Colleague: 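The structure that follows is given in the form of structure tokens.
Whatever order the structure lists ligands and atoms in, that order sets their numbers, starting from 1. Reckoned from all heavy atoms, side chains included, excluding hydrogens, waters and symmetry mates. Remember, it's a predicted structure, so these values are computed and weren't measured experimentally.
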Amino acid sequence: MSDRVHLVEVGPRDGLQGETPLPLATRATLIEKLLASGCKQIEVGSFVNPKRVPQMADTDKLFAQLPTNTTARFSALAANSRGLQQAIDANADAVALFTATSDTFCLNNIGMDRQQSLEQFSELASHAKSLDLPVRGYVSTTIACPYEGDTDPADVAELAYSLYRAGCYQISLGDTIGVGTPNKIKRMLQAVLAEIPANAVAVHFHDTYGQALANVCVALEMGIRTVDASVAGLGGCPYAPGASGNLASEELIFLLDGLGMPSGVELPLLVEAGQFISNALNKPPQSRVNLALSAKNSI
Ligand SMILES: CC(C)(COP(=O)([O-])OP(=O)([O-])OC[C@H]1O[C@@H](n2cnc3c(N)ncnc32)[C@H](O)[C@@H]1OP(=O)([O-])[O-])[C@@H](O)C(=O)NCCC(=O)NCCSC(=O)C[C@@](C)(O)CC(=O)[O-]
């Protein structure tokens, strides 16, 4: 099995969706800096109701500003058929669709229950596939739901298998509120990997309780080679009370460099991207690696 690990950089979407809305030029510069650091898969933004998530307004205009001389894959998150059409019109390289194990989370997030969300997911995936648009699927609340409590790993496996059958090239498993610990993550991943191959699985951990990196180690040991992370540790779903930032991309790359697992991402340039976006938001990076390396460089 290859040691190469793929970072899916979700900072421009998951990272920014709960922050103060930023000008389009700042969002575009962040993406340029992430590209310069070697990121090859970037979730650019989302096509959802801008009254509910104003930070992601004008994602179509952002797509129009992206460089075309790159092999990077630019994806967009879409919540419904209108969002999918917006992603198609924007020439996104891939669309990310999402659902969750919990009815209450689905209702709060997208106004429909899990079953309705799954039905919509299949319809949207089938439409995207008919246009040769690759589909990435997210399953949220894979460890616990902020409203309903602990999640049964069998539920995650069943949902992940449904998304795989619906044609997703990859299923990203979200610990939306970051309560997973290595033993819980292992049980959840064992259930999922009994249904779908490891190369179709990604992990998406929030770092609310500081467990994200330990959980990544479990996923790597189990053969998973795609990890979602957000530069400067920004992030969190606005409809998941208690959720904090994603695993910081800087933490992930520092770990991978230390393990000798190539990612193609250059840490100093990633740190620069993290500094840039943190300055734009007027707050320090939520990444200890970023803080440590920036302090070292300023000596
Ligand atoms: C799903 C909807 C859109 C349904 O929207 P809705 O408000 O529930 O219902 P609606 O369909 O009746 O639409 C209401 C208004 O939204 C507009 N609208 C409807 N669709 C669109 C669209 N695509 N683009 C622009 N506008 C749209 C629509 O036109 C209408 O406008 P109005 O008549 O009030 O002026 C809404 O509930 C929504 O936007 N929810 C937010 C979902 C979201 O972005 N959540 C965060 C991302 S998920 C996440 O973070 C978790 C993840 C993926 O990272 C993994 C993890 O960590 O677990």
Colleague: To which of N49, V53, L173 does the heavy atom nearest atom 38 (C) of ligand 1 belong?
Modeller: N49

Colleague: For the backbone of Q275 and the side chain of N279, can you confirm whether one donor and one acceptor N or O come within less than 3.5 Å of each other?
Modeller: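 Indeed, once roles are kept as given, a pair shorter than 3.5 Å links the two residues.
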
Colleague: Taking the side chain from D103 and the backbone from R114, do they hold a donor-acceptor pair closer than 3.5 Å?
Modeller: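 Yes; at least one donor-acceptor contact below 3.5 Å.
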
Colleague: Distance under 4.0 Å to a non-hydrogen atom of L77: what atoms of ligand 1 satisfy this?
Modeller: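 Near L77, meaning under 4.0 Å from one of its heavy atoms, ligand 1 has 47 (C).
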
Colleague: For atom 11 (O) of ligand 1, which protein heavy atom lies nearest, and how many Å away is it?
Modeller: N80 ND2, 4.7 Å

Colleague: Report the distance from atom CD1 of I31 to atom CG of L62, rounding to the nearest 0.5 Å.
Modeller: 4.5 Å

Colleague: Any idea which heavy atoms bring A200 and Y164 closest together, and the distance?
Modeller: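 That closest heavy-atom pairing would be CB-CE1, 3.7 Å.
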
Colleague: Using only atom types and a distance under 3.5 Å, with no angle test, would you say the side chain of T208 pairs donor to acceptor with the backbone of I177?
Modeller: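 Yes, T208 side chain to I177 backbone: donor-acceptor pair under 3.5 Å.
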
Colleague: Under the side-chain hydrogen bond (donor to acceptor under 3.5 Å, both in side chains) rule, what pairs show up with a residue in residues 77-96, not counting sequence neighbours?
Modeller: Q85-D89

Colleague: Nearest protein heavy atom to atom 20 (N) of ligand 1: under 4.0 Å?
Modeller: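 Yes; the ligand atom in question has protein heavy-atom contact below 4.0 Å.
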
Colleague: Between atom CG of L220 and atom CE of M222, what is the distance when rounded to the nearest 0.5 Å?
Modeller: 11.5 Å

Colleague: Got the closest protein heavy atom to atom 44 (O) of ligand 1, with its distance?
Modeller: V48 CG1, 3.4 Å

Colleague: Counting both backbone and side chain atoms, is some N or O of T176 under 3.5 Å from an N or O of ligand 1?
Modeller: yes

Colleague: Kindly compute the distance separating OG1 (T142) from NZ (K184), expressed to the nearest 0.5 Å.
Modeller: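 The NZ atom of K184 is 11.0 Å from OG1 of T142, to the nearest 0.5 Å.
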
Colleague: Starting from atom 42 (C) of ligand 1, locate the nearest protein heavy atom and write down its residue, its atom name and how far away it is, to 0.1 Å.
Modeller: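 Protein heavy atom with the smallest distance to atom 42 (C) of ligand 1: N109 O, 3.4 Å.
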
Colleague: Relative to the heavy atoms of G83, which atoms of ligand 1 are at a distance of less than 4.0 Å?
Modeller: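 Per the distance check, 23 (N).
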
Colleague: Distance from T99 atom OG1 to Q115 atom CD, nearest 0.5 Å?
Modeller: 9.0 Å

Colleague: Kindly compute the distance separating CD (E221) from CD1 (I185), expressed to the nearest 0.5 Å.
Modeller: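 Reported to 0.5 Å precision, the distance equals 13.0 Å.
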
Colleague: Starting from atom 36 (C) of ligand 1, which protein heavy atom do you reach first, and at what distance in Å?
Modeller: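 It is R52 NH1, 3.7 Å.
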
Colleague: Could you pull out every donor-acceptor pair under 3.5 Å between side chains of residues 52-60 and any protein atom, sequence neighbours left out?
Modeller:
{"unit_1": "R52", "atom_1": "NE", "unit_2": "Y239", "atom_2": "OH", "d": "3.0"}
{"unit_1": "R52", "atom_1": "NH2", "unit_2": "N108", "atom_2": "O", "d": "2.6"}
{"unit_1": "Q55", "atom_1": "NE2", "unit_2": "Q17", "atom_2": "O", "d": "3.1"}
{"unit_1": "Q55", "atom_1": "NE2", "unit_2": "E19", "atom_2": "O", "d": "2.9"}
{"unit_1": "D58", "atom_1": "OD1", "unit_2": "K61", "atom_2": "NZ", "d": "3.0"}
{"unit_1": "T59", "atom_1": "OG1", "unit_2": "R27", "atom_2": "NH2", "d": "3.0"}
{"unit_1": "T59", "atom_1": "OG1", "unit_2": "S46", "atom_2": "O", "d": "3.3"}
{"unit_1": "T59", "atom_1": "OG1", "unit_2": "M56", "atom_2": "O", "d": "2.7"}

Colleague: Under 4.0 angstrom from ligand 1, any heavy atom of R13?
Modeller: yes

Colleague: Where does Y138 meet ligand 1, judged by heavy-atom distances below 4.0 Å: at the side chain, the backbone, both, or neither?
Modeller: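 It is the side chain that gets close, since no backbone atom is under 4.0 Å.
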
Colleague: Using heavy atoms and a threshold below 4.0 Å, how should the contact between M112 and ligand 1 be classified: side chain, backbone, both, or neither?
Modeller: neither

Colleague: Determine, counting only non-hydrogen atoms of the protein, whether one lies under 4.0 angstrom from atom 7 (O) of ligand 1.
Modeller: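 For atom 7 (O) of ligand 1 the answer is yes, since some protein heavy atom falls inside 4.0 Å.
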
Colleague: What residue and heavy atom of the protein are closest to atom 33 (O) of ligand 1, and at what distance?
Modeller: K51 NZ, 4.7 Å

Colleague: Using a 4.0 Å heavy-atom cut-off, say whether V10 meets ligand 1 through its side chain, its backbone, both or neither.
Modeller: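 Neither part.
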
Colleague: Strictly by modelled atom types, are T176 and T141 linked by a side-chain donor-acceptor pair under 3.5 Å?
Modeller: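 Not at all, the side chains of T176 and T141 share no donor-acceptor pair under 3.5 Å.
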
Colleague: Looking only at protein heavy atoms, which one is nearest to atom 57 (O) of ligand 1, and how far off is it?
Modeller: H206 NE2, 3.0 Å

Colleague: What atoms of ligand 1 come within less than 4.0 Å of a heavy atom belonging to F47?
Modeller: 23 (N)

Colleague: Should the ring pair Y147 and F105 be called parallel, tilted or perpendicular, given that the plane angle runs from 0 to 90° and is split at 30 and 60?
Modeller: tilted

Colleague: Just by distance, do the side chain of D207 and the backbone of Q211 share a donor-acceptor pair under 3.5 Å?
Modeller: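 Yes; judged by distance alone, with no hydrogens or angles, the pair exists.
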
Colleague: If you measure from each non-hydrogen atom of N246 to ligand 1, which part falls under 4.0 Å: side chain, backbone, both or neither?
Modeller: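 The answer is neither.
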
Colleague: How far is atom 50 (O) of ligand 1 from the closest protein heavy atom, and which atom is that?
Modeller: Q17 NE2, 2.8 Å

Colleague: Using non-hydrogen atoms of the residue, decide whether P50 is closer than 4.0 angstrom to ligand 1.
Modeller: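 Within the 4.0 Å threshold, so yes.
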
Colleague: Looking only at protein heavy atoms, which one is nearest to atom 51 (C) of ligand 1, and how far off is it?
Modeller: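 Here the nearest protein heavy atom works out to S140 OG, 3.6 Å.
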
Colleague: Taking 4.0 angstrom as the limit and counting only heavy atoms of A79, give me the atoms of ligand 1 inside it, by number and element.
Modeller: 1 (C)

Colleague: Out of R82, Q86, H204, indicate the one that has the non-hydrogen atom closest to atom 29 (O) of ligand 1.
Modeller: R82

